[in-house]
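Below is one structure, written out as structure tokens, with a few remarks after it.
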Amino acid sequence: MKLLKLVLFALITFFTQAMYAQNFPDWHQMNQQTLDDSYNNSKAVPESKAMFDGWVERSQAFRAAHPEYLDISYGPLEREKIDYFSAGKNTPVVIFIHGGFWQMRSKNDFAFIADHFLKEGISVAMVGYPLAPQANMDEIVSSSKQAVEFIGNHLAQWGGNPNQVILTGWSSGGHLTITSMDSVKMKAAIPISGIYELEPLIGSYLNTNLKMDQAIADKNSPMMHVPQGRRPSIFL
């Protein structure tokens with residue numbers, strides 16, 4: 001319970017500024033501009049570029065100060081790498097999957113969030129995965145599952161406690177958190193601002209790179225395939 005409270009506090013602190021909840025009309029009734037605007041975070045939050053630039057600068061400094069376990073390959077592709085930031089032996093672990101609409105950003109950009117966790121004695125594993133258009137949604141989901149499984153299999157080797165794991169991610173990483181839940185033994189999943197129904201994206205500008213059809217969207221929509229079992233999940 002203490003681990004879950006610490007993780008929730010840190011994640012809410014870091015990401016509350018980027019969460020702008022509002023009620024949207026039925027997407028079936030939207031015209032093209034309205035549908036595109038609904039997923040255009042940069043347009044909705046003009047200050048987001050400055051915010052992200054600050055995150056990147058902080059992350060670069062943090063990675064430079066913690067070079068021990070950077071860019072560990074879990075697959076053959078360039079982006080199939082993870083970073084592990086150790087808080088010591090037998091410590092709890094947060095696995096974080098980055099956001100960016102499955103086509104932007106990288107694990108490197110979000111390393112800054114590990115700083116608070118390490119100070120609380122919690123290790124952090126940052127997941128990288130291939131992006132669209134070089135990878136399609138099936139491949140992205142498969143890679144993230146592979147990464148999470150790889151981390152789970154190596155935690156004891158790196159000093160983490162494989163029985164004290166929380167899986168989380170933001171935006172597209174929130175979606176990949178849900179699709180990767182079966183890949184690791186964990187205490188809880190905490191997806192943040194995820195998209196769990198992909199069909200509306202098919203008609204939006206985001207699909208220019210994603211290139212999803214109805215079958216791929218349905219296959220990879222967590223709302224269509226609710227995970228079974230008793231894993232606690234907290235949606236932010």
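Any value given below was found using the heavy atoms of this structure, including those in side chains, with hydrogens, waters and symmetry copies removed. Predicted, not measured: the structure shown is a model, and the values here were computed from it.
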Query raised in the report: When you look at Ser59 and Asn108, which way does the side chain to side chain contact (heavy atoms under 4.5 Å, CB included) test go after all the steps?
Result: CA-CA 7 Å; Ser59 293; Asn108 299 6; over 6 Å; no

Kindly say whether the aromatic ring centers of [X] and [Y] come within a distance under 6.0 Å.
{"X": "His98", "Y": "Tyr129", "result": "yes"}
{"X": "Phe117", "Y": "Phe85", "result": "no"}
{"X": "Trp170", "Y": "Phe101", "result": "no"}

Requested in this report: Evaluate the ring planes of Trp102 and His175, with Trp represented by its six-membered ring, and classify them as parallel (under 30°), tilted (30 to 60°) or perpendicular (over 60°).
Outcome: perpendicular

Report task. Fit a plane to each ring of His66 and Phe62, take the angle between them on a 0 to 90° scale, and name the class: parallel (under 30°), tilted (30 to 60°) or perpendicular (over 60°). Result -> parallel

Indicate whether the side chain of [X] and that of [Y] have a donor and an acceptor atom separated by less than 3.5 Å.
{"X": "Lys211", "Y": "Asn136", "result": "no"}
{"X": "Thr168", "Y": "Thr177", "result": "no"}
{"X": "Ser221", "Y": "Glu197", "result": "no"}
{"X": "Ser193", "Y": "Ser171", "result": "no"}

Requested in this report: Not counting sequence neighbours, list each pair that qualifies as a salt bridge (charged side-chain N to carboxylate O under 4.0 Å, His left out) and has a residue in residues 82-102.
Outcome: Arg63-Asp83, Asp83-Lys107

Report summary line: Between the CG atom in Leu201 and the CG atom in Leu210, the distance rounded to the nearest 0.5 Å is 7.0 Å

Main-chain N/O of [Y] paired with [X] side-chain donor or acceptor, under 3.5 Å:
{"X": "Ser142", "Y": "Glu139", "result": "no"}
{"X": "Asp115", "Y": "Phe112", "result": "no"}
{"X": "Tyr84", "Y": "Ile82", "result": "no"}
{"X": "Glu68", "Y": "Ser86", "result": "no"}

Requested in this report: Go through the steps to decide whether Leu198 and Met212 satisfy the test side chain to side chain contact (heavy atoms under 4.5 Å, CB included), and finish with yes or no.
Outcome: CA-CA 9 Å; Leu198 302 185; Met212 289 189 296; 3.9 Å; yes

Requested in this report: Determine, step by step, whether Tyr39 and Ile195 satisfy the side chain to side chain contact (heavy atoms under 4.5 Å, CB included) criterion, reporting the C-alpha distance in whole Å, the side-chain angles of both residues, the deciding distance to 0.1 Å, and the verdict.
Outcome: CA-CA 10 Å; Tyr39 293 105; Ile195 299 174; 4.0 Å; yes

**Report entry** salt bridge (Lys or Arg N to Asp or Glu O under 4.0 Å) partners for Asp213, two or more places apart
**Finding:** none

**Report entry** Within one Ile-Leu-Val-Met-Phe-Trp-Tyr cluster: Val56 and Val124, side-chain cutoff 4.5 Å
**Finding:** no

Query raised in the report: Hey, any chance Val148 and Leu77 share a hydrophobic cluster, counting ILVMFWY side chains that come within less than 4.5 Å of each other, even indirectly?
Result: no

